[in-house]
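Throughout, a chain's letter reflects where its sequence line sits, starting with A, and its residues are numbered from 1.
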Protein chains: 4
Amino acid sequence: MKDERTATGGAVLRQRVTEAITEAAFAELAEVGYARTSMERVAKRAGVGKAALYRRWSSKQTMLTELIRDRITASLPPTPATGVLRTDLLALLTTIRGQLSAPLLTRIGAGLLAEAGTDAALAEMLESVVAAPRRAAALEVLRGAVDRGELPPGADLELGIDLVIAPLAFRVLVTREDGGDEYLERLADAIEAGLKATAR
Amino acid sequence: MKDERTATGGAVLRQRVTEAITEAAFAELAEVGYARTSMERVAKRAGVGKAALYRRWSSKQTMLTELIRDRITASLPPTPATGVLRTDLLALLTTIRGQLSAPLLTRIGAGLLAEAGTDAALAEMLESVVAAPRRAAALEVLRGAVDRGELPPGADLELGIDLVIAPLAFRVLVTREDGGDEYLERLADAIEAGLKATAR
Amino acid sequence: MKDERTATGGAVLRQRVTEAITEAAFAELAEVGYARTSMERVAKRAGVGKAALYRRWSSKQTMLTELIRDRITASLPPTPATGVLRTDLLALLTTIRGQLSAPLLTRIGAGLLAEAGTDAALAEMLESVVAAPRRAAALEVLRGAVDRGELPPGADLELGIDLVIAPLAFRVLVTREDGGDEYLERLADAIEAGLKATAR
Amino acid sequence: MKDERTATGGAVLRQRVTEAITEAAFAELAEVGYARTSMERVAKRAGVGKAALYRRWSSKQTMLTELIRDRITASLPPTPATGVLRTDLLALLTTIRGQLSAPLLTRIGAGLLAEAGTDAALAEMLESVVAAPRRAAALEVLRGAVDRGELPPGADLELGIDLVIAPLAFRVLVTREDGGDEYLERLADAIEAGLKATAR
DNA sequence: TTCTAATCGAGACGGTACGTCCCGTCTTGCC
DNA sequence: GGCAAGACGGGACGTACCGTCTCGATTAGAA
């Protein structure tokens with residue numbers, strides 16, 4: 001996160017310590033979840049003083065938010081462009097399903113969302129890092145289909161985005177079923193057909 | 001929930017106290033959210049000893065889970081049966097949107113879900129009290145449409161349920177946009193057309 | 001210290017806990033001294049939560065100050081009244097020497113005095129509980145001698161008080177020699193003769 | 001103390017840095033007292049890195065002990081020798097009073113003494129630098145009086161030393177009254193008369 | 001004058017203690 | 001026996017220093 005040096009001489013947060021903390025924090029998150037992760041245990045586990053944590057982040061919330069954001073940011077979805085809507089949709093749905101199914105996310109996803117209700121900075125982060133890129137990818141896929149004439153010009157692409165993301169996210173994160181390949185295929189079919197019906 | 005008398009003696013949990021606690025708890029939930037609601041503050045706010053809380057519920061989780069469950073249970077969605085799929089869907093979507101938009105739910109919804117990741121009892125409660133009835137209502141609407149021939153016999157009704165619930169929930173709880181009437185209409189159109197495309 | 005009950009029902013600081021803390025605190029004082037005594041260790045040693053300490057005293061300083069004050073207050077010097085100045089002086093000096101030599105006092109006396117430099121409440125406490133009673137006892141002894149004609153009417157009794165207390169305190173607390181019986185006798189002689197020389 | 005050059009290279013502890021630290025340390029001592037003086041604040045105040053302090057002294061105790069010792073050493077009392085006991089005593093008492101009244105000493109005196117209880121090196125320093133020279137001066141004054149026949153040969157000069165130092169120290173450092181000139185005169189009278197009475 | 005090694009400011013490091021807040025349990029005396 | 005009040009042991013929070021260590025920049029004696 002930081003680690004860029006200051007103007008003159010001066011101390012700098014050490015990469016090794018940051019890495020040890022990061023590793024310990026994710027291990028705790030995986031073991032006890034977002035709410036029960038404690039700074040004290042993270043520090044102990046990383047073999048580090050509590051101050052090393054607070055030198056990097058101003059609070060527990062900030063630390064977890066930032067660590068998770070960085071990890072999520074590292075896995076942006078590519079935008080498929082096969083030239084066929086159904087194929088593009090399937091590829092996108094498969095990618096998103098894979099990212100949502102990551103053990104970390106299923107473990108802490110809801111906790112993050114909950115925290116976002118209180119913490120505007122976290123909410124903004126989730127929007128910009130998690131939601132926006134996926135909405136953008138979905139929008140691009142749909143817009144391509146409109147350009148190629150696979151979807152009518154008046155199709156409600158905003159609704160289309162919701163259809164791409166919401167049912168899958170719901171299934172994986174809330175219902176905690178995995179959404180098998182067949183599910184994805186039928187979802188892709190439904191999205192395509194459904195969107196055609198939304199043209200003004 | 002309780003307030004049934006115990007076996008011996010004449011002592012019974014007093015209704016007035018239970019009500020004061022309930023009121024205070026929801027007030028705290030609304031003000032500070034699920035995670036930051038503390039038993040200490042609820043007791044103080046209710047003008048009640050902490051023991052009065054623990055006499056009724058075994059833990060903070062249990063108390064909040066139970067209180068919220070009772071409140072949610074009180075607002076089960078009716079199953080519309082107008083004889084026309086699109087009308088039924090619109091009615092159902094409107095009802096669900098109304099319930100999801102309740103200030104309490106937007107405030108603590110994600111927190112509940114997060115806690116459910118750790119707390120199996122809460123997860124089970126949410127499934128049985130929140131999800132199942134709404135899935136059942138959606139299923140009944142869709143099944144009626146199949147019976148009337150509005151949907152083909154092979155339509156994937158499980159996916160249909162997701163389409164009814166997920167995009168709307170996502171919009172209201174995550175995106176925090178309200179999903180206006182026009183959104184509901186297009187969504188209803190997309191569900192109907194989409195489901196027709198899922199027949200084997 | 002406290003332990004008097006509040007008006008209605010209500011919790012009360014438990015005597016047993018207070019005693020355990022007191023015992024642990026004096027044990028720590030004896031082992032590591034005033035400055036290095038820590039609340040954390042006192043609590044651990046007493047088998048008590050830190051909060052139990054802070055419920056009784058608002059800070060470490062306050063706790064130690066109050067505990068020590070109470071212990072000191074319990075040992076007020078009696079005022080000897082044998083009718084002979086030299087005998088009275090010897091008795092008083094012996095008593096004071098005994099109290100100053102208590103292991104606790106030699107261990108923490110200077111620390112208390114140091115803290116008093118910063119802490120006006122402590123300073124006032126030391127003055128009223130430690131100094132004033134001893135000054136009063138000395139003054140009474142000397143005034144009796146004036147009344148009986150053993151000392152001239154113009155003798156400087158304020159100086160007399162200093163002569164009774166200071167050399168002995170200095171020897172025991174600073175020089176850390178004990179001031180044997182012979183020392184006390186010569187000191188008594190010097191005080192008597194010295195005071196006679198201060199009459200205007 | 002230091003500032004002598006090392007074997008190789010050109011590096012030497014820089015005088016300017018040492019001076020800045022010294023000045024900052026005494027400023028902190030004066031402001032917050034012995035116990036609350038922190039290395040961190042001294043370094044910051046001196047515009048110096050913490051390492052600069054630890055390069056010169058091995059610990060906070062050592063640093064403060066050494067700095068204070070050097071400052072005290074600079075103000076040894078001269079031994080008056082007027083040929084008349086009472087005059088010598090008055091001169092000595094006046095000098096000692098002046099030194100004890102120095103703002104620094106009244107601020108940190110008790111703290112030093114307290115620390116000396118734990119820290120043998122500090123205790124030894126105080127004895128050799130503070131106490132011993134003053135005892136020696138007092139002893140020389142008294143011995144001269146014995147030689148001149150102003151005091152009997154058997155007079156208890158050890159007690160005499162206590163009488164010179166203790167009441168005055170007590171008044172200035174503990175009672176925090178100043179001991180006016182009249183007090184010194186009566187004290188001198190009392191010492192002279194008192195000592196005459198201690199001859200075997 | 002150039003080289004070179006220790007000192008410099010800055011502050012991160014692992015630790016220990018501070019004083020606070022909340023958990024879920026326990027105790028007290030009133031009703 | 002329920003009740004209000006709140007003390008209890010325990011654990012985590014975020015802060016302040018301790019004495020040590022790490023950086024790159026400075027500085028002054030030796031070559």
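Two residues, D:Gly47 and A:Gly47, neighbour DNA chain E, and the one matched to the more 5' nucleotide by heavy-atom proximity is D:Gly47. Along DNA chain F, the nucleotide nearest to B:Ala52 and the one nearest to A:Arg41 differ in position, and the one closer to the 5' end is contacted by B:Ala52. If you find the closest nucleotide of DNA chain E to A:Leu53 and to B:Ser59, the one lying nearer the 5' end belongs to A:Leu53.
The distance from atom NZ of C:Lys60 to atom P of E:dA17 is 9 Å, rounded to the nearest whole Å. With rounding to whole Å, D:Tyr54 atom OH is found 18 Å from E:dC13 atom P. Put simply, CH2 on B:Trp57 is 18 Å from C1' on E:dT25, counting in whole angstrom units. Going from atom CG of B:Leu64 over to atom C1' of E:dG24 covers 14 Å, rounded to whole Å. Straight-line distance from the CG atom of C:Leu13 to the C1' atom of F:dG9: 15 Å, rounded to whole Å. F:dA4 atom C1' lies 16 Å from atom CZ of B:Arg16, rounded to whole Å. Here F:dA28 presents its P atom at 13 Å from CD of D:Gln15, a figure rounded to the nearest Å. One atom, CE of B:Met39, and another, C1' of F:dA4, lie 16 Å apart when rounded to the nearest Å.
As judged by a 4.0 angstrom heavy-atom cut-off over every strand, A:Lys50 is placed among the base-contacting residues. Nucleic acid contact for C:Ala43: none, since no nucleic acid atom lies under 4.0 Å from a heavy atom of the residue. Within 4.0 Å (heavy atoms only), A:Ser58 reaches no atom of the nucleic acid at all.
Out of F:dC3, E:dA17, F:dC18, the shortest distance to the side chain of C:Glu40 is found at E:dA17. Residue C:Arg14 has its side chain nearest to F:dA7 when only F:dA7, E:dG15, E:dC8 are considered.
The CE atom of C:Met125 sits 8.5 Å away from atom CD of C:Glu66, with the distance rounded to the nearest 0.5 Å.
In terms of phosphate contacts, B:Arg55 brings a side-chain nitrogen or oxygen within less than 4.0 Å of OP1 or OP2 of F:dC3. For F:dC8, one of the phosphate oxygens OP1 or OP2 lies less than 4.0 angstrom from a side-chain nitrogen or oxygen of C:Arg56.
Side-chain contact, B:Thr62 with B:Thr65: no donor N or O sits under 3.5 Å from an acceptor N or O.
Within 6.0 Å of the CZ atom in D:Arg45, the count of heavy atoms belonging to other residues, nucleotides or ligands exceeds 12. Other residues, nucleotides and ligands contribute more than 12 heavy atoms inside 6.0 Å of the CD atom of C:Glu31. Counting heavy-atom neighbours within 6.0 Å of B:Arg41 CZ, excluding the residue itself, gives a total of 12 or less.
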